[in-house]
Amino acid sequence: MHPYRTHTCNELRLEHAEQNVRISGWVYHKRDHGGILFIDLRDHYGRTQVIVNPETPFFEKCSEVRLESVLTVTGKVVAREPNMINPDIVTGEIEIVAENIIFESESQITPIYLAGESEDVGPEELRLKYRYLDLRRESLHRNIMLRSRVIAFLRKKMESLGFNEFQTPILTSSSPEGARDYLVPSRLHPGKFYALPQAPQIFKQLLMVAGFDKYFQIAPCFRDEDARADRSPGEFYQLDIEMSFATQEDVFAVVEEVLHDTFKEFSTDKVSDTPFIRIPYREAMLKYGTDKPDLRIPIEMCDVSDVFLNSGFGAFAKAVANGAVVRAIPVKNIKGRPRSFFDRLESYAKEIGAKGLGYLVWDTDRIRGPIAKFMSEEELAELAGRGGMEDGDVMFFMCDAPDAAARIASEIRLKLGRDLDIIEKGTFRFCWIVDFPMFERDEETGDIIFSHNPFSMPQGGMEALLEKDPLDILAYQYDVVCNGVELSSGAIRNHRTDIMVKAFEIAGYDENDVYDQFPALSNAFKYGAPPHGGIAPGVDRMVMLIAGADNIREVITFPMNQRAQDLMMSAPASVSEKQLRELHIKMRAKNVTPENAKQDDVAE
RNA sequence: GGGAGCGUAGCACAAUUGGUUAGUGCACCGGACUGUCGAUCCGGAGGUCGCGAGUUCGAGUCUCGUCGCUCCCGCCA
């Protein structure tokens with residue numbers, strides 16, 4: 001007999017009755033009746049009830065052993081009496097009568113409570129410090145397994161579509177664009193640093209130049225950014241994709257198939273049919289106030305600035321004349337809501353930076369509300385037409401600078417979705433956001449700058465760069481969004497150095513800057529570069545959506561906390577003076593030495 | 001860098017307008033119990049109410065500061 005197990009804790013059924021078996025696992029639960037002791041033994045696969053009788057030599061020890069200790073149990077499988085069957089677990093029709101028990105590894109009292117999949121999961125700080133315990137919990141264990149299966153599925157899918165997986169360097173050079181880099185000092189080259197890649201962007205484009213045609217990688221990406229609920233600090237993974245001789249539609253077709261099939265495979269929820277709908281960036285900003293709209297909420301906003309410009313509502317009219325906009329949020333059938341509902345919404349709006357929140361109520365044969373008296377019949381009729389207003393509907397109004405109005409209106413739309421409970425359930429609504437602007441104006445300096453990444457091909461190519469107002473030029477740049485979560489950004493790349501130089505020129509750089517900042521790419525493009533494009537859906541976010549988790553840490557094995565610390569491994573940590581000397585590094589911050597940095601390390 | 005929320009036993013939470021000895025459940029320790037499956041019953045131990053200052057006859061509760069965590073803004077080509 002195998003020293004540890006003949007079966008897993010999820011394998012034994014009625015048909016195994018009377019067999020002698022051996023299982024190993026953790027003590028999940030104990031129920032001690034004095035004369036009889038039940039132990040639920042748990043492993044990766046499931047759990048099985050073990051019976052310990054008082055006449056056995058190990059009975060005493062079993063009644064004392066702590067939860068989460070590891071045991072090997074040998075005994076006979078016995079069918080349970082009908083009234084003793086536990087229908088909640090698949091091994092519930094049998095139990096094992098223990099004939100021998102080996103105590104492989106005993107547990108101390110665990111700092112977090114694991115038994116009984118309760119909602120009380122304990123404080124995040126302890127969960128992160130004792131991650132290996134937290135990972136034993138069924139829900140987290142299930143999420144991590146889901147992630148493993150999703151990644152395996154993605155690989156299989158990509159390979160079936162003719163893509164090849166390549167590794168790219170982890171130690172590379174800092175790129176001038178984008179987020180803050182994580183830097184790694186060089187020992188051999190004093191004063192020089194490697195950077196961890198924010199994404200394998202340049203490498204994957206170079207693989208296209210090298211002729212590999214279709215690339216993918218489950219790629220680690222490192223960015224020194226602050227955390228969010230859907231953004232773990234430090235590192236994350238992307239399904240990085242690049243393809244040669246491809247149009248935007250070719251990229252969409254691949255991504256739609258991969259995302260649709262993956263979500264279908266691992267979720268019972270509805271998934272948008274392909275092709276996913278495409279929403280131009282400017283339309284998204286107008287209708288949803290954001291470039292990552294949650295399409296499960298049946299509210300579409302519209303612009304009504306012109307209606308208010310000459311209206312009797314002085315506050316808005318004056319603001320619009322000075323460049324503000326008015327965004328309307330029409331909501332179906334909520335006229336019956338109490339005054340407090342509207343008051344709460346307004347105070348929420350003010351909390352997030354709104355100056356106020358006007359509204360009109362279409363109430364049987366009249367239109368009422370705080371601003372109704374300022375508006376003419378014609379203006380009210382125009383508003384009704386724009387929002388498709390019917391009896392019972394309410395239209396909210398936000399007046400502010402375009403950016404602020406969009407941001408606040410977007411937040412209010414989300415809050416309305418939640419508070420009114422009108423977010424469609426059990427569905428993944430995908431969309432593409434397309435036609436991002438190539439350039440935008442820097443709010444502070446007034447300069448023209450790249451909106452997204454400078455590698456994107458402008459729509460209309462060189463001609464557009466030469467002839468159009470830079471702010472009107474769109475890029476072959478796209479995002480894929482699901483339920484309000486930005487899953488991915490991508491672009492058809494600019495593979496022509498002449499167009500790249502011109503684009504950089506518009507953004508205030510000269511030709512040399514292109515070669516200085518992106519030497520590998522701009523050199524490579526001199527030797528025959530295929531037209532190419534790609535995208536990189538975030539794996540963590542994908543799994544988070546499929547798992548229905550509300551926090552990205554729930555789908556990462558060993559995540560860091562919000563301040564980018566690994567409480568389990570005590571990272572980041574101070575290093576010795578010797579290590580620093582080898583790397584030619586001297587502490588610069590006042591009063592920071594290796595010694596007192598060490599005192600500040602995450603505690604044991 | 002900024003804003004909001006939270007911080008009471010190992011864990012989850014409670015404590016009337018500021019008012020006596022800060023409670024309950026789980027976990028832990030002791031005891032009882034031969035059919036439980038979040039076992040049950042009896043008993044016990046466990047607290048610098050994050051930390052510091054202030055207001056007050058009196059602070060877990062109010063004020064200020066500070067630290068920590070989470071969420072958000074900035075940031076994320």
Side-chain angles (χ1 to χ4, degrees), chain A residues 28-42 47-55 59 63-64 66-68 78 80-89 91-92 95 97 108-130 133 174-181 198-199 201-202 221-233 236 292 348 351-353 403-404 407-408 411 414 436 438 440 443 449-456 475 477 486 489-491 493 507 517-518 536 538 550-551 553 561-563 565 567 602-603:
Chain A
Y28 181 67
H29 255 157
K30 273 196 316 185
R31 292 172 296 281
D32 189 346
H33 288 244
I36 187 170
L37 174 61
F38 300 94
I39 293 176
D40 292 339
L41 210 61
R42 180 205 70 232
R47 54 184 207 259
T48 300
Q49 175 163 286
V50 174
I51 305 286
V52 184
N53 285 310
E55 53 275 14
F59 179 83
S63 70
E64 282 166 13
R66 293 220 165 82
L67 300 184
E68 297 304 319
V78 174
R80 298 198 202 181
E81 300 291 325
N83 58 323
M84 295 170 193
I85 287 172
N86 181 353
D88 297 332
I89 56 174
T91 60
E95 57 202 5
V97 179
Q108 297 184 2
I109 299 166
T110 55
I112 53 178
Y113 184 59
L114 302 178
E117 196 56 29
S118 74
E119 294 305 306
D120 307 337
V121 291
E124 190 92 32
E125 211 173 339
L126 279 181
R127 293 182 56 199
L128 292 175
K129 182 168 175 185
Y130 298 97
L133 295 181
S174 178
S175 67
E177 302 280 339
R180 272 181 226 100
D181 286 312
Q198 298 184 20
Q201 180 66 36
I202 306 231
C221 304
F222 305 89
R223 296 180 193 174
D224 187 358
E225 292 170 323
D226 289 332
R228 288 290 182 277
D230 64 356
R231 198 168 76 197
S232 189
F236 61 96
K292 44 176 183 173
Y348 173 76
E351 238 171 68
I352 59 171
D403 287 0
R407 179 181 66 79
I408 294 163
E411 290 292 321
L414 292 177
F436 279 85
M438 184 82 190
E440 63 187 31
E443 295 255 323
I449 56 171
F450 285 113
S451 262
H452 286 270
N453 82 52
F455 312 119
S456 302
Q477 164 90 37
E486 184 192 315
S489 262
R493 321 298 174 189
Q517 292 190 11
F518 306 102
D550 53 10
N551 191 296
R553 290 185 295 276
N561 70 3
Q562 178 153 19
R563 298 209 311 152
Q565 294 169 306
L567 300 178
V602 177

- Query: Counting N and O atoms only, with roles assigned by atom type, does the side chain of Arg223(A) sit under 3.5 Å from a partner on the main chain of Ala179(A), one being a donor and the other an acceptor?
  - Reply: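 Such a contact is absent between Arg223(A) side chain and Ala179(A) backbone.
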- Query: Is the backbone of Asp226(A) close enough, under 3.5 Å, to the side chain of Arg231(A) for a donor and an acceptor to pair up by distance?
  - Reply: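 Here the side-chain-to-backbone pair exists.
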- When you measure from the side chain of Phe38(A), which nucleotide among U36(B), C73(B), C29(B) comes out closest?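 Of the options given, the side chain of Phe38(A) lies nearest U36(B).
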- Item | Nucleotide nearest Ile51(A) when distance is taken to its side chain, options C28(B), A39(B), G35(B) |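 Out of C28(B), A39(B), G35(B), the nucleotide with an atom closest to Ile51(A)'s side chain is G35(B).
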[X] [atom1] to [N] [atom2], straight-line distance once rounded to whole Å:
X	N	atom1	atom2	answer
Glu125(A)	C11(B)	CD	P	10 Å
Asp403(A)	C73(B)	CG	C1'	14 Å
Leu67(A)	C11(B)	CG	P	17 Å
Ile112(A)	C28(B)	CD1	P	15 Å

- Are the aromatic rings of Phe38(A) and His33(A) close, with centres under 6.0 Å apart?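 Yes, the ring of Phe38(A) comes within the 6.0 Å limit of the ring of His33(A), centre to centre.
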When you measure only distances, ignoring hydrogens and angles, does the side chain of [X] come within 3.5 Å of the base of [N] through a donor and an acceptor?
X	N	value
Arg80(A)	C37(B)	yes
Asp226(A)	G74(B)	yes
Arg553(A)	U70(B)	no
Gln562(A)	G68(B)	no

Under 4.0 Å from OP1 or OP2 of [N]: is there any side-chain N or O of [X] that close?
X	N	answer
Arg66(A)	C29(B)	yes
Arg563(A)	G68(B)	yes
Arg31(A)	A39(B)	yes
Gln565(A)	C69(B)	yes
Arg47(A)	C37(B)	no
Asn561(A)	G68(B)	no

Nearest-Å distance once atom [atom1] is located in both [N] and [M]:
N	M	atom1	value
G46(B)	U24(B)	C1'	15 Å
A4(B)	A27(B)	C1'	33 Å
G50(B)	G60(B)	C1'	12 Å
G68(B)	G74(B)	P	24 Å

Sugar-phosphate, base or nothing in reach of [X], heavy atoms under 4.0 Å:
X	result
Leu37(A)	nothing
Gln108(A)	nothing
Gln201(A)	base
Arg231(A)	base
Asp32(A)	base

- Task: Classify the side-chain pair Gln49(A)/Asn86(A) by whether it contains a donor and acceptor separated by less than 3.5 Å.
- Result: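 There is no such pair (donor and acceptor under 3.5 Å, judged by atom type) between the side chains of Gln49(A) and Asn86(A).
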- Query: What residues form a ring-ring contact (aromatic ring centres under 6.0 Å, His included) with Phe455(A), not counting sequence neighbours?
  - Reply: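 Expected list: Phe518(A).
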- Item | Distance in Å, Lys292(A) NZ paired with Asp230(A) CG, rounded so as to fall on 0.5 Å steps |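 So the gap between those two atoms works out to 5.5 Å.
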- Item | Ring centroids of His33(A) and A39(B) base under 5.5 Å with planes under 30° |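 Given the distance and angle limits, yes, they stack.
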- Item | Assigned partner base of G44(B), Watson-Crick or wobble definition, under 3.5 Å |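 Matched G44(B) with C28(B) under the 3.5 Å cut-off.
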- Task: For C71(B), give its Watson-Crick or G-U wobble partner with both distances under 3.5 Å, or none.
- Result: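 G3(B) - that is the nucleotide pairing with C71(B), both distances being under 3.5 Å.
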